[in-house]
*Asks:* 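Structure below; questions to follow.
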Amino acid sequence: MAALLQREFFIREDVVQIAKDLLGKYLVSYKDGIRTSGVIVETEAYRAPDDKGCHAYQNKLTERTSTMFMIGGTSYVYICYGIHNLFNVVTGPEGIAHAVLIRAVEPVDGVDHMMTRRNLKKVKKEMVNGPGKFTRAMNITKEQNAISLLSKKDDLWIEDRGVAVETPQIIEGPRVGMGRSVAECSNWPWRFRIKDNKWTSKPDQVWYDWS
DNA sequence: AAGAGGATGAACT
DNA sequence: GTTCATCCTCTTG
């Protein structure tokens, strides 16, 4: 049933396709003896060197972006606004700085622990419907930066539990949170979510529905 | 050595 | 709708 995603899935060249293919896959975290998991329901693609919204635009290599150049199947976690841990999946072969930002998950396992970590008494969408929210719920931090997602020996991995998300169920839209200097790129429809899924972030924003 | 700003979220009004 | 928390990373000098 639950098959660990293999290297072949991650090292493909088309990061936009991988962003779509990750919808419906299960992200699993095992931290402090606690297992939590969720279905990936919203993603964004980032692609150096031509994508101005990408940290590694023009293949800029710094200590932070060096993770993006690692082989597909590596995690890329960085701190945003000094507070939030944002989780990405590095894709493509080594040397190619592509990544998919996971923006929201639908909680599955360890829901009570997610609530505790999020300081909530009831399950609601606000628990996980944002890139800094579900990482908190699943205790994904910078400590998981640059680790492999291919082994259950590490804290994080991705499973295929046989859920297929067909093209008509995928809604695309512009990416979020980029300044004016990258407006041209922020309009690229590289953000994807599962149609009618209530766990996605900012559902009221502009979405293109091609179904 | 210093300063600006960011792939956000929460708590306000 | 607005504010601001909070700090790391990168750029500049």
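Convention: sequence-line order gives letters A, B, ...; per-chain numbering from 1.
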*Asks:* Could you check whether any side-chain heavy atom of A:Asn139 comes within less than 4.5 Å of a side-chain heavy atom of A:Thr36, counting everything from C-beta outward?
*Replies:* no
*Asks:* Could you work out which one of C:dC8, B:dA7, C:dT11 sits closest to the side chain of A:Lys142?
*Replies:* C:dC8
*Asks:* Counting any heavy atom closer than 4.0 Å, what does A:Arg118 reach on the DNA or RNA strands: base, sugar-phosphate only, or nothing?
*Replies:* sugar-phosphate
*Asks:* Examine B:dG9: is either OP1 or OP2 under 4.0 Å from a nitrogen or oxygen in the side chain of A:Arg136? Give yes or no.
*Replies:* no
*Asks:* Does A:Arg7 make a cation-pi contact with A:Phe10, if we ask for NZ or CZ under 6.0 Å from the ring centre and within 45° of the axis?
*Replies:* no
*Asks:* With a sphere of 6.0 Å drawn around OH of A:Tyr57, does it hold more than 12 non-hydrogen atoms of other residues, nucleotides or ligands?
*Replies:* yes
*Asks:* Using side-chain heavy atoms (C-beta onward) and a distance below 4.5 Å, is A:Thr200 in contact with A:Ile194?
*Replies:* no
*Asks:* I would like to know whether A:Arg191 and A:Glu42 meet salt bridge (charged side-chain N to carboxylate O under 4.0 Å, His left out); could you show each step before the answer?
*Replies:* CA-CA 7 Å; A:Arg191 178 181 180 213; A:Glu42 183 176 346; 2.9 Å; yes
*Asks:* Is the shortest heavy-atom distance from the side chain of A:Trp157 to the side chain of A:Leu150 under 4.5 Å?
*Replies:* no
*Asks:* Quick one: does A:His98's side chain have a donor or acceptor within less than 3.5 Å of a partner on A:Ala48's backbone?
*Replies:* yes
*Asks:* Measure the distance from CG on A:Asn145 to P on C:dT9 and round it to the nearest whole Å.
*Replies:* 9 Å
*Asks:* Take the protein atom CD of A:Glu44 and the nucleotide atom P of B:dT8, then report the distance between them rounded to whole Å.
*Replies:* 8 Å
*Asks:* Report the distance from atom CZ of A:Arg64 to atom C1' of C:dC8, rounded to the nearest whole Å.
*Replies:* 8 Å
*Asks:* For a quick test of reading the model, state the closest non-hydrogen atom pair linking A:Met114 to A:Ser37 and the distance between them.
*Replies:* CE-O, 3.2 Å
*Asks:* Would you mind reading off the distance between A:Arg175 atom CZ and B:dT8 atom C1', rounded to a whole angstrom?
*Replies:* 17 Å
*Asks:* Measure the distance from NZ on A:Lys125 to P on B:dG9 and round it to the nearest whole Å.
*Replies:* 14 Å
*Asks:* Could you write out DNA chain B as a dot-bracket string, with dots for unpaired bases, | for bases paired across to another strand, and Watson-Crick or G-U pairs counted at under 3.5 Å?
*Replies:* ||||||.|||||.
*Asks:* Rounded to whole angstroms, how far apart are CD on A:Gln58 and P on C:dT11?
*Replies:* 11 Å
*Asks:* Given atom CZ of A:Arg117 and atom C1' of B:dA10, what is their separation to the nearest angstrom?
*Replies:* 20 Å
*Asks:* Identify, residue by residue, the members of residues 78-93 of chain A with a heavy atom below 4.0 Å from DNA chain C, and return them in order of residue number, or none.
*Replies:* A:Tyr81, A:Gly82, A:Ile83
*Asks:* Count I, L, V, M, F, W, Y as connected when their side-chain heavy atoms are under 4.5 Å apart, and connections chain through other members. Are A:Val41 and A:Ile18 then in the same cluster?
*Replies:* yes
*Asks:* Round to a whole Å and report the spacing from OH of A:Tyr46 to P of B:dG6.
*Replies:* 13 Å
*Asks:* When you measure from the side-chain N and O atoms of A:Lys60 to the phosphate of C:dT9, is any distance below 4.0 Å, counting only OP1 and OP2?
*Replies:* no
